Amino acid sequence: MAINLEAYQEVLDRLKPFNARLVAVSKTKPVEDIAAFYAAGQRIFGENYVQELTEKQTLLPADIEWHFIGHLQSNKVKFIAPFVHTIHAVDSLKLLQEINKQAAKHQRIIHCLLQVHIAAEETKFGMDAQELQQLLQTYQANPSAFAQVRITGMMGMATNTTNETQIREEFHQLHELFGSVKTTYFNNEPYFKELSIGMSADYHLALQEGSTLVRIGSLLFGERNYSKL
């Protein structure tokens with residue numbers, strides 16, 4: 001077991017002044033490691049792969065708040081709809097509609113974060129400004145068509161670089177956009193409050209730019225072994 005409880009406590013201490021919460025990213029990690037963090041008090045865990053998440057969910061305590069943080073294909077939503085709490089990477093209107101449809105089948109409301117592309121790399125997912133506006137305008141025009149989803153905020157991934165100035169600027173850009181979206185579309189909705197930015201290498205910068213959810217994996221669980229997938 002490669003988990004680092006000392007690093008876990010350090011992360012929690014750093015989050016506290018910002019009132020931010022930790023999503024412990026447990027992708028590729030065994031249920032024993034997740035159970036160890038659960039025993040230490042952690043309740044929010046993030047996964048990137050649908051099959052892996054559905055397998056783990058059946059083996060772990062029912063009060064875990066599962067967040068899906070990877071790129072999600074519409075045809076896979078049905079597998080996690082019965083239990084997932086928050087989907088971080090909603091990057092299209094089609095996906096939001098499918099989440100609503102599958103949540104309705106289980107008479108649940110699924111929390112959703114709108115993913116915006118803020119990085120320099122084209123390979124990263126997320127909507128551009130125009131796609132975001134189109135989604136929000138469709139949502140605002142007919143909210144009853146989205147009764148089973150709750151848009152609780154936004155998510156983004158910074159460029160994979162050691163240039164902290166660039167990372168900070170990208171996080172700041174998303175924070176500004178978050179404020180604009182809240183004012184325009186969710187001004188009277190207290191639930192629109194989440195900004196999911198920051199991972200193991202850059203979460204300290206994300207906190208300074210308004211992050212409320214940090215997605216941390218390798219700092220807590222050790223390096224990933226993708227050959228096991």
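This is a predicted model, so every value here is computed, not measured. Numbers here simply count residues along the sequence, with the first being 1.
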Nearest 0.5 angstrom please: I167 CD1 to M199 CE, how far? 9.0 Å

Which atom names give the shortest non-hydrogen contact between A145 and N100, and what distance separates them? O-ND2, 3.1 Å

Step-by-step side-chain hydrogen bond (donor to acceptor under 3.5 Å, both in side chains) determination, E169 to Q173: CA-CA 6 Å; E169 285 175 357; Q173 171 193 341; over 6 Å; no

Taking the side chain as everything from C-beta on, heavy atoms only, tell me whether M127 gets closer than 4.5 Å to L135. yes

Quick one: pull up CG in L96 and CD1 in I87 and give me the separation to the nearest 0.5 Å. 9.0 Å

Within this structure, what is the OG-CZ distance for the pair S211 and R21, rounded to the nearest 0.5 Å? 10.5 Å

So Y38 and L60, do their side chains get closer than 4.5 Å, heavy atoms only? no

Kindly assign one of parallel, tilted or perpendicular to the pair F146 and Y139, based on the angle between their ring planes and the thresholds 30° and 60°. tilted

Heavy-atom side-chain contact between L205 and E164 under 4.5 Å: yes

Which pair of non-hydrogen atoms, one from K29 and one from I34, has the smallest distance, and what is that distance? O-CD1, 4.4 Å

Do E98 and K94 sit within salt-bridge range, that is, some charged N less than 4.0 Å from a carboxylate O? no

For the residue pair G70 and A89, what are the closest heavy atoms and their distance? O-CB, 3.4 Å

Minimum heavy-atom separation for M155 to L174, with atom names? C-CD2, 3.7 Å

Spacing of N19 atom CG and K193 atom NZ [to the nearest 0.5 Å]: 10.5 Å

Compare all side-chain heavy atoms of L213 with those of H88 and state whether any distance is below 4.5 angstrom. yes

Straight-line distance of L95 CG to K76 NZ, nearest 0.5 Å: 12.5 Å

Are F45 and F37 close enough that their ring centres sit under 6.0 Å apart? no

Please find the pair of heavy atoms, one from Y191 and one from I151, that lie closest to each other, and give the distance. CE1-O, 3.3 Å

Does the distance from a Lys or Arg side-chain N to an Asp or Glu carboxylate O, for E47 and K56, drop under 4.0 Å? yes

Might you work through the side-chain contact (heavy atoms from CB on, under 4.5 Å) test for I118 and M157, ending with a clear yes or no? CA-CA 7 Å; I118 58 172; M157 295 175 67; 5.7 Å; no

So E131 and L93, do their side chains get closer than 4.5 Å, heavy atoms only? no

Does I109 belong to the same Ile/Leu/Val/Met/Phe/Trp/Tyr cluster as V149, with side-chain heavy atoms less than 4.5 Å apart forming each link? no

We want to know whether T212 and E194 form a side-chain donor-acceptor pair, criterion being a heavy-atom distance below 3.5 angstrom. yes

Is it the case that more than 12 heavy atoms not belonging to K101 sit under 6.0 Å from its NZ atom? no

Transitively linked via ILVMFWY side-chain contacts under 4.5 Å: L59 with V84? yes

Near Q51 CD, under 6.0 Å, is it more than 12 heavy atoms from other residues, nucleotides or ligands? no

Can you check side-chain contact (heavy atoms from CB on, under 4.5 Å) on V11 and I216, steps first, answer last? CA-CA 9 Å; V11 169; I216 297 181; 3.7 Å; yes

Under a 3.5 Å threshold, yes or no: a donor from one side chain and an acceptor from the other, between E52 and T28? no

For Y203 and Q208, test the side chains for any donor-to-acceptor distance below 3.5 angstrom and give the result as yes or no. no

Can a side-chain donor-acceptor contact be found between E65 and H67 if the only test is distance below 3.5 angstrom? yes

Could you tell me the separation between the CD atom of E170 and the CG atom of D202, rounded to the nearest 0.5 Å? 9.5 Å

Side chains of H172 and E209 only: does a donor on one sit below 3.5 Å from an acceptor on the other? yes

Can you find a heavy atom in the side chain of R108 that is under 4.5 Å from one in the side chain of I110? yes

Mind listing the closest non-hydrogen atom pair of R215 and G156 along with its distance? NH2-O, 3.4 Å

Contact between Y8 and Q42 at the side-chain level, heavy atoms closer than 4.5 Å - yes or no? yes

May I ask you to test the W66-S26 pair for a side-chain heavy-atom distance under 4.5 Å? yes

